[in-house]
Number of protein chains: 2
Amino acid sequence: MAARELAEAEGWEALTTRRLAERVEYSQPVLYSHFKGKDAIVAAVAQEGFTELAKLLRTARTATDGQEPRRRLRAVCQAYLRFAVERPALYQAMFVLPTRLEFAGEETPTALRAAFDAFMEALPEAAPEREARAELLWAALHGISTLSATDRIPAQGGATRLDLLIEGILPRG
Amino acid sequence: MAARELAEAEGWEALTTRRLAERVEYSQPVLYSHFKGKDAIVAAVAQEGFTELAKLLRTARTATDGQEPRRRLRAVCQAYLRFAVERPALYQAMFVLPTRLEFAGEETPTALRAAFDAFMEALPEAAPEREARAELLWAALHGISTLSATDRIPAQGGATRLDLLIEGILPRG
DNA sequence: CTGAAATTCTAGCACTGCTAGACAGGCGGT
DNA sequence: ACCGCCTGTCTAGCAGTGCTAGAATTTCAG
């Protein structure tokens, strides 16, 4: 998808239908025969992002299979944060731009479920409230990602925050 | 500020310079003699939002002064989440729209510092890594707010997530 | 070779943020 | 009273946006 490259290179605000059309060497209206509108284009990019993120999280988890819970959780969290930092445009399309993606409904894309499941599987199987914990973990990582991407939280201290998050999200004991 | 009312009533995408000019019964260019551009307008609204949020957090804290740490923390968190839900446009201006607000620099507005301090004061004074904890708490609440505002996380289960967050963010013991 | 179907294009609409230059009004100084 | 000036406001317009109608072109079956 050319839209993704363009957005990753210059940001979403630089992705206009005209520039994208020029990039793919067609004229503007052909975009609208393939996609319903600009929203559909970013939604398609977001979808790609979810499969990619799901894959990253999954490998982070399987690579630490059998290790102690702290390490496994840390590996998954770091994979998530790295993804957000290295592919900011993709991340935005997935999580901050207004799109109509069913997140918790019937039509939730499988890639999306897979990504969430990877989160849950990073938590000990016996953890109480495992699903809610995974949601909270996701929310915290998302908050860290967006706030630091916009310099609303100091970059310095990221390691400490991650430590605290891992300690806090694991069931006590 | 009329911009705020308009945005709160119809969302930021409905706030155009023309509509705003019509609202204040002036013509478009006078906006540009008061503000440098549209960004400056949303920044001004965001600034208002920070003083309001700081006030809310502060009263939530003082209202629970002397109570047990869990209750104090919960009161502040709930105040934050309520603010995000009840004033979504204001919240967006403060935290998701791209603005040039110094967050952790010299020119950080006092309202902003006040809001953050309110967070920190909601944590026990003796808590280790108090500042990092406050940052993490903020990030988690922000993640919860944005993800549930865009239906990316189920509204159901919010109470459970808040419980887990409070348990997790307080130092163990 | 012809007519229809599909595909791509040109041209344009209504809108956006923003700005240049014209126009008015009130000010003090002569 | 008159002049020049400054301040504030306006009209008109620019370049750009997402999106679409209808013309033009190509493709291909009969």
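Convention: sequence-line order gives letters A, B, ...; per-chain numbering from 1.
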A:Glu52/A:Arg4 salt bridge by N-O under 4.0 Å criterion: yes
Pair B:Glu10 + B:Arg19, salt bridge at N-O below 4.0 Å: yes
Between [atom2] on [N] and [atom1] on [X], what's the gap in Å once rounded to a whole number?
X: B:Trp12; N: C:dT16; atom1: CH2; atom2: P; result: 15 Å
X: B:His34; N: C:dT19; atom1: NE2; atom2: P; result: 16 Å
X: B:Lys36; N: C:dG17; atom1: NZ; atom2: C1'; result: 14 Å
X: A:Ile41; N: D:dG18; atom1: CD1; atom2: P; result: 9 Å
X: B:Leu20; N: C:dT16; atom1: CG; atom2: P; result: 12 Å
X: A:Lys38; N: D:dT17; atom1: NZ; atom2: P; result: 9 Å
X: A:Asp39; N: D:dT17; atom1: CG; atom2: P; result: 16 Å
X: A:Tyr32; N: C:dC9; atom1: OH; atom2: P; result: 15 Å

Non-hydrogen side-chain atoms of A:Phe83 and A:Leu90 separated by less than 4.5 Å: yes
Pair B:Phe116 and B:Phe50, ring centroids less than 6.0 Å apart: no
CZ-CE distance between A:Arg113 and A:Met120, expressed to the nearest 0.5 angstrom: 8.0 Å
Spacing of CD1 belonging to B:Ile144 relative to CG belonging to B:Leu162, to within rounding of 0.5 Å: 7.0 Å
Below 4.0 Å: OP1/OP2 of D:dG18 and any side-chain N or O of A:Thr17: yes
Touch class at under 4.0 angstrom, heavy-atom based, for A:Leu15 against every strand present: sugar-phosphate
Using atom names, set out every protein N or O paired with an N or O of nucleotides 10-12 of chain D below 3.5 Å, distance rounded to 0.1 Å.
residue: D:dC10; atom: OP2; partner: B:Ser27; partner atom: N; Å: 2.8
residue: D:dC10; atom: OP2; partner: B:Ser27; partner atom: OG; Å: 2.7
residue: D:dC10; atom: O5'; partner: B:Ser27; partner atom: OG; Å: 3.4

